[in-house]
Amino acid sequence: MKLLTTLLLLSICSISFAQRTKIIKAFNHHSVILKGDTINYHTYSKKSVDSTKNLLLYIQGSKAMSLYQTMEEDGKTYVGTVIPIDFKLLPEDYLLVVISKKGFPFLTDMDKDFPVPKEYYENQTLAYRAFQANQVINDLTEKHKNHFEKIIALGHSEGSDVIAKLGTINKEITHFGYWSGGGNTQFIDFVTFIRKDVVKGNLTEEQAQLKIDSLFIDLKNIMANPNATDKFWQGDKNSYKRWSSFSEPPIENLLQIDKPIFAAIGTKDQAVALESAYLIPIEFIRHQKDNLTFKAYPNLDHVFGKEIEARKFEEHLNDVFIDFLNWVDEN
């Protein structure tokens, strides 16, 4: 259900444009060039790289778009981004790292159509996104040997699945942030939310069963065509290949990680079933693993917003980020 939510962090903003523009210009741009592949990543720090000691890799969710988008209209400049982090909160000794989605530039014009590249769909997989992240970390640690005291990997929504997979590949990462992600396969979320609609009285048992039967047909079609990039489900940018790849239960990867993990979920997450997220601490308890910090934030949604009245929200993502930074310091 992660892809059904219109993420608030993707909303178009006009506030603090000068600050956002300054941040955009402050990024440095890098490429990892491999045989048949180029991975573009971008770094930001408040001071020189030499003055940083902690590397923070942020992995964004599933949206098929550039990291930043700008638009001029009626004398105003608007800036959109998929990076929800408040840069004012970023410690001065941190190097922030973000990775462009395959085929997308760092910055695009918000008011101009940018067709989703074919190469995006071909690489829209859990394995490839984890591979990208691993290559970027390796590139930075090779260029700055013995420089970083902590290497932190933080993922949100689909990015949380990537972080879990990355933890099975890269052993240099010291801390993991797992935000708004479940423990079970993403497929189970669809059934869970249908059943919740029955409890709420929005569906009858008969209507729910019809929906679930139809869902099972869709899922069978996806898994029968796991590499299809010309077939889509739950939106015209979410290929069968994407869905089959991200059907892997993240708990299987999380349990392989022995470094500290900070998992956070809003109790009113409308994209990931809360029950799926609670599988994570249960499985860590069952396997007698003590490297997990699990926090459920009351009344917050998928992007840690709190609805105070109809369609009006208080943003609390900064609160979660502060909790996360404090946790990193303490661990």
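This structure is a prediction, so every number in the text was calculated from the model and none was measured.
With respect to Y297, the side-chain hydrogen bond (donor to acceptor under 3.5 Å, both in side chains) criterion is satisfied by exactly one of D319, D323, T267: D323. Just one residue in the list L203, V198, N202 forms a side-chain contact (heavy atoms from CB on, under 4.5 Å) with K200, and that residue is N202.
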Step-by-step side chain to side chain donor-acceptor pair (under 3.5 Å) determination, S239 to Q124: CA-CA 8 Å; S239 69; Q124 193 185 17; 2.9 Å; yes
Criterion side-chain contact (heavy atoms from CB on, under 4.5 Å) on D258 and K289, from CA distance to verdict: CA-CA 8 Å; D258 293 323; K289 290 178 64 68; 2.7 Å; yes
side-chain contact (heavy atoms from CB on, under 4.5 Å) between V79 and Q69, worked out: CA-CA 6 Å; V79 179; Q69 315 85 42; over 6 Å; no
side-chain contact (heavy atoms from CB on, under 4.5 Å) evaluation trace for M65 with T108: CA-CA 8 Å; M65 64 194 309; T108 54; over 6 Å; no
Intermediate values then yes/no, side-chain contact (heavy atoms from CB on, under 4.5 Å), I217 and N221: CA-CA 6 Å; I217 291 171; N221 287 336; 3.9 Å; yes
CA sep, side-chain torsions, deciding dist, call: N40, S31, side chain to side chain donor-acceptor pair (under 3.5 Å): CA-CA 4 Å; N40 296 316; S31 295; 2.7 Å; yes
Criterion ring pair (Phe, Tyr, Trp, His ring centres under 6.0 Å) on F232 and Y121, from CA distance to verdict: CA-CA 10 Å; F232 301 88; Y121 293 122; 5.3 Å; yes
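Of the possible donor and acceptor atoms, none in the side chain of T52 sits under 3.5 Å from a partner among the backbone N and O of L95. Judged by distance alone, the side chain of H175 and the main-chain N or O of N331 form a donor-acceptor pair under 3.5 Å. Of the possible donor and acceptor atoms, one in the side chain of N291 sits under 3.5 Å from a partner among the backbone N and O of I257. The backbone N or O of G183 lies less than 3.5 Å from a partner atom in the side chain of S276, making a donor-acceptor pair. Side chain of T141 to backbone of I137: a donor-acceptor contact under 3.5 angstrom is found. Not one N or O on the side chain of T185 forms a donor-acceptor pair closer than 3.5 Å with the backbone of I188. At distances below 3.5 Å, not a single donor-acceptor pair connects side-chain atoms of N225 with backbone N or O atoms of A228.
By the 6.0 Å contact criterion, CD on E172 is open, its count of non-hydrogen atoms from other residues, nucleotides or ligands being 12 or less. Around the NZ atom of K171, the shell of radius 6.0 Å holds more than 12 heavy atoms that belong to other residues, nucleotides or ligands. The 12-atom threshold is not exceeded at NZ of K312, counting heavy atoms of other residues, nucleotides or ligands nearer than 6.0 Å. Residue-environment remark: NZ (K259) exceeds the threshold of 12 foreign heavy atoms within 6.0 Å. Remark: K196 NZ is packed, more than 12 non-hydrogen atoms of other residues, nucleotides or ligands lying under 6.0 Å away. K150 NZ: more than 12 foreign heavy atoms inside a 6.0 Å radius.
Between T77 and E72, the side chains place a donor N or O and an acceptor N or O closer than 3.5 Å (distance only, hydrogens not considered). Side chain to side chain, E119 and N123 fail the donor-acceptor criterion of an N or O pair below 3.5 Å. If you check the side chains of Q186 and D161, you find a donor sitting under 3.5 Å from an acceptor. Judged by distance alone, the side chains of E275 and T192 never bring a donor and an acceptor atom under 3.5 Å apart. Using a 3.5 Å distance cut-off with no hydrogens or angles, the side chains of W179 and S157 do not pair a donor with an acceptor. Defined by atom type and a distance below 3.5 Å, a donor-acceptor pair is present between the side-chain atoms of Y41 and D139.
Residues A64 and V116 come closest through the heavy atom pair CB-CG2, 4.2 Å. Listed here is the closest heavy atom pair of S62 and K101: C-NZ, 3.5 Å. Of all heavy-atom pairs between L325 and L89, the closest is CD1-O, 3.5 Å. For the pair E309 and E307, the tightest heavy-atom approach, listed with the atom from each and the gap, is O-CG, 3.1 Å. For the pair L166 and A130, the tightest heavy-atom approach, listed with the atom from each and the gap, is CD1-O, 3.7 Å. Residues L215 and F190 come closest through the heavy atom pair CD2-CB, 3.7 Å.
Put simply, the side chain of L57 does not reach to within 4.5 Å of the side chain of I151, judged on heavy atoms. Looking at Q60 and R129, their side chains come closer than 4.5 Å, going by heavy atoms from C-beta outward. Taking the side chain as every heavy atom from C-beta outward, Y94 and L55 never approach each other to under 4.5 Å. At a threshold of 4.5 Å between non-hydrogen side-chain atoms, the residues F27 and L67 do not count as touching. You'll find the side chain of D37 reaches within 4.5 Å of the side chain of K102, heavy atoms only. Side-chain contact check for L96 versus I85: some heavy-atom pair is nearer than 4.5 Å. Between I83 and V98, some side-chain heavy-atom pair lies under the 4.5 Å cut-off. At least one side-chain heavy atom of D301 sits less than 4.5 Å from a side-chain heavy atom of F313.
Salt bridge present: R286 and E283 bring a charged side-chain N and a carboxylate O closer than 4.0 Å. Between K47 and D93, none of the side-chain N atoms (NZ, or NE/NH1/NH2) sits under 4.0 Å from a carboxylate O, so this pair counts as no salt bridge. Between K165 and E248, at least one side-chain nitrogen of the basic residue sits less than 4.0 Å from a carboxylate oxygen of the acidic one, meeting the salt-bridge criterion. Between R195 and E205 a salt bridge is recorded (basic side-chain N to carboxylate O distance below 4.0 Å). Salt bridge status for K211 with D197: absent, with no side-chain N to carboxylate O gap under 4.0 Å. Salt bridge annotation for K46-E92: absent, with no cationic side-chain nitrogen under 4.0 angstrom from a carboxylate oxygen.
A distance of 6.0 Å or more separates the ring centres of F284 and F294. Two rings, from F262 and Y178, have their centers 6.0 Å or more apart. Two rings, from W327 and F324, have their centers less than 6.0 Å apart.
V162 and Y120 sit in two unconnected hydrophobic clusters of ILVMFWY residues. Membership requires side-chain heavy atoms under 4.5 Å apart, directly or through other members. Both I99 and Y128 belong to a common hydrophobic cluster when Ile, Leu, Val, Met, Phe, Trp and Tyr are linked at side-chain heavy-atom distances under 4.5 angstrom. Two different hydrophobic clusters hold L210 and I212 under the rule that ILVMFWY side chains link at heavy-atom gaps under 4.5 Å. Under the 4.5 Å side-chain heavy-atom criterion for ILVMFWY residues, a single connected hydrophobic cluster contains both I322 and V328. In terms of hydrophobic clustering, with Ile, Leu, Val, Met, Phe, Trp and Tyr side chains grouped at heavy-atom distances under 4.5 Å, F104 and I24 are assigned to different clusters.
Both tests pass for R242 against the ring of F246: distance under 6.0 Å to the centre and angle within 45° of the axis.
In this pair, H29 and H42 present their aromatic rings perpendicular. The plane angle is above 60°, beyond the 30 to 60° band. The aromatic rings of Y68 and F106 lie tilted to each other, with the angle between the two planes from 30° to 60°. Ring orientation note: the planes of W233 and F187 are nearly perpendicular, at an angle over 60° on the 30°/60° scale.
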